[in-house]
Structure formats: structure tokens, C-alpha cells
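The first residue in the sequence is number 1, and the count goes up from there. Since the model is a prediction, treat every value here as computed from it, not as a measurement.
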Amino acid sequence: MRIATAKETYIADEGLLVTSTQRAWMGVLLAMLVLAPFVLNQYWLYLACLVAINVASATGLNILTGFTGLVSLGQAAFMAVGAYTVAFFEGQVGTPFLLNILAAGLVSALVGVLVGIPSLRVKGLYLAIATIAASVILHFVFTHWVSVTGGVRGINVAPARLFGLELASPFALYFVIVPITCLMVLGAANLFRTRIGRAFIAIRDRDISAEVLGIPLLRYKLMSFALSSFYAGVAGGMWAYFFRVVTPESFPFATSIFFLAAVIVGGLGTIIGSVLGAAFMTLVPELLKYVVDWLAPIFPNAGAALSPVRTIVFGALIILFLVFEPHGLAEMVRRARRFFHLWPFRT
């Protein structure tokens, strides 16, 4: 076994050595993220911001489901809490942008702790049903607490302002949404080098054994719910500033299914899986639209005829991943790394 040199570090959640070459590729990725807003048009900047928001929420769900083993179908509801928190503070209190985003995460974390209380007694499908019930309750609150949420009409959100600059366009919002998401992903990656992260993994692998080893299950399960909800709340807050309106229908139950599918397709229990899964689930439907547009000159009614087919193809891609690569896109990345690491001396 090769011993890591001083120029290499070990990433606990991926189990891979990061060499100076890989650091160089990370630098290239960082440079691409910095240059992207100056190269991409408004449509692709819109998608880049949307991918970043979804990556933040999917990372939070992966902390809960992938690393702690607690199934949740309430991620959309926690995002809604964050979005409504931002809308309320922005409209009624007038606090700064970054403080509103932080408040969105903290309020969502508090709600997540309350929702996570049953996790000590129930798990698996029973816990999933409990999170669905919490989503229904929160949707009722969003609809009927008119003085705070605006009811079914929702709330309009003023443009974000940072250091006196108005952030209203995707170009401007890119420079706050993407860095916030990068910090959240980096924080999640480093979390599993700590005692808290290792406790989450122990609970996922065998909660009874973890309790025997002295890990207080309720405390760490609630902590996992709080972290996951914090990520969802921050993502919801960024979503509110991005779309500028929040209604009860902005975060339907299907959105929770979307994020659960994203972490499964990307790879449960991997940080890179959260990134890849959220990007895949967000971009593939858009790329399929391009296929339909490309066929339009050949088939004049291609848009109307192939729109259902596009949805079917998207669903079929998810099924194919689950059948042929149950460990998700993250496993495909690992295989590619091993291939190029061993090439040309592969056995």
C-alpha cells in the first residue's frame, strides 16, 4: 500500500487520496466556476444557479438519509420554511441578505428537530410516513397562516441586496448562490472527518451497536435532522431570492421525491453523489428539451408529440441507474478514477 506524501490528504467520505494533480484539477474547476458567469448566457446562468440551490438541499438530505440512514420525504417542506423565513424577514423586518439566509437555515433546523423527535422510536418507512405527515401539517400552516405567509397568494420577495448592490439577475445572484453552496458542500465533506460525522455513520450502519458503544441516539439523530433541515432552509432562502415569490405551491411533495431521487441517483452516503445527482436531475430534463427542439425542423409537431416521451425517458434513465448502478454516479466516478490511476498497467 502506498503511503500518502506530504502533498496528499485523505478524504474520509470518499476513501481516496487527493494528489497534487487532483488538486490542480480542483483549481481548474474553481477557475471555471469563477469564469462561468462571464461566458454563459442568461439561460445557462439561470440553470447554474438552480443547480447550486438543488445541490445545497440534496447535500443536506444526503447527510440525513445517506450518512445517518434516516429516510425523509419532507425536504421540500423544510425548504419552504426557509423560503418563508426569508420572505418574512425581508418584507417585515428588513434585515440584511446574509442574515436572512442564516435565519432561514436556523428556523428550518428548529423545525427539523421537532420533526425528528419520532426518529428514536420509528425508522424506515414509518419515519418516512412521519416526515410526510409533517409536510402536510406545514403545508396547512403555509396556506392558513395568512398574516405571515400570505395564504394561497403567497409573498413577493424584494431583490437581494449585498453591500448596497441589488442582486436581481441570475448573473448577480450567481456570485452569492454558488459560493454559499460551495461552502456548504465543503462543510459537509469535512463533517465526516469529525466525531459527529462518524457517529452519524455508526448509527446508519447499526444503531443498536452505536448505542452500545455509547453514542446517544436521540441526540445525534436530532442533530442530523437539524443539519439536514439547515441545509434545506438555506437552499429555500436562496430559492426565495432567486424566484422572488413564495407560495404554498412552490414546494410540492413532488419536490421531496425529486431530492430523494437525486441522492439515490448520485450515490447515497457520498458528498460527490449529492452534487452529481442534483446536477443530473436538474439538467437532464433541460437537455432533453434540446433534443426535442433539434427534432422540430424534421418533425413539425415534435414538441407536442415528444413532450410525454421526454418525461418517460427521464424516468427510464433513473430506473436504469437503480438497476445497473445502484451505487449511483459517485461509483461511476470512482471507477473512472481507478481506471486512469492504474492505466496502462491494469490487471
Hey, does Leu50 have a side-chain heavy atom less than 4.5 Å from the side chain of Tyr46?
-> yes

Are Val246 and Val148 connected in a single hydrophobic cluster, I mean Ile/Leu/Val/Met/Phe/Trp/Tyr linked by side-chain heavy atoms less than 4.5 Å apart?
-> no

Apart from Val245 itself, members of its ILVMFWY cluster (side-chain separation under 4.5 Å) are none

Please name all residues satisfying ring pair (Phe, Tyr, Trp, His ring centres under 6.0 Å) with Phe243, sequence neighbours left out, ordered by chain then number.
-> Trp239

Tabulate below the donor-acceptor pairs under 3.5 Å that side-chain atoms of residues 201-220 make, not counting sequence neighbours, or state none.
| from | atom 1 | to | atom 2 | distance (Å) |
| --- | --- | --- | --- | --- |
| Arg204 | NH1 | Gly66 | O | 3.0 |
| Asp207 | OD2 | Lys123 | NZ | 3.1 |

Of all residues at least two apart in sequence or in a different chain, which pass the ring pair (Phe, Tyr, Trp, His ring centres under 6.0 Å) check with Phe89?
-> none

List the atom pairs, with distances to 0.1 Å, where a side-chain N or O of residues 94-116 and a protein N or O form a donor-acceptor pair under 3.5 Å, not counting sequence neighbours.
| from | atom 1 | to | atom 2 | distance (Å) |
| --- | --- | --- | --- | --- |
| Thr95 | OG1 | Asn100 | OD1 | 2.2 |
| Asn100 | ND2 | Glu90 | OE1 | 3.1 |
| Asn100 | ND2 | Thr95 | O | 3.0 |
| Asn100 | ND2 | Pro96 | O | 3.3 |
| Asn100 | ND2 | Tyr241 | OH | 2.8 |
| Ser108 | OG | Phe78 | O | 3.1 |
| Ser108 | OG | Gly82 | N | 3.2 |
| Ser108 | OG | Ala104 | O | 2.9 |

With sequence neighbours excluded, what pairs up with Phe225 under the ring pair (Phe, Tyr, Trp, His ring centres under 6.0 Å) test?
-> none

Show which side-chain atoms of residues 162-185 pair as donor or acceptor with protein atoms under 3.5 Å away, not counting sequence neighbours.
| from | atom 1 | to | atom 2 | distance (Å) |
| --- | --- | --- | --- | --- |
| Glu166 | OE1 | Arg161 | NH1 | 3.4 |
| Ser169 | OG | Ala172 | N | 3.3 |
| Tyr174 | OH | Leu33 | O | 2.6 |
| Thr181 | OG1 | Ala52 | O | 3.0 |
| Thr181 | OG1 | Ile177 | O | 3.0 |

Could you check if a side-chain atom of Phe259 sits within less than 4.5 angstrom of a side-chain atom of Met79, using non-hydrogen atoms only?
-> yes

Sequence neighbours excluded, the answer for ring pair (Phe, Tyr, Trp, His ring centres under 6.0 Å) partners of Tyr84 is Phe142

State which residues pass side chain to side chain donor-acceptor pair (under 3.5 Å) with Trp44; sequence neighbours excluded, sorted by chain then number.
-> none

Partners of Glu325 by salt bridge (Lys or Arg N to Asp or Glu O under 4.0 Å), sequence neighbours excluded?
-> Arg335

For Thr85, which residues count as a side chain to side chain donor-acceptor pair (under 3.5 Å) partner, sequence neighbours excluded?
-> none

Can you list, pair by pair, the side-chain donor-acceptor contacts under 3.5 Å of residues 314-321, counting residues two or more places apart and other chains?
none

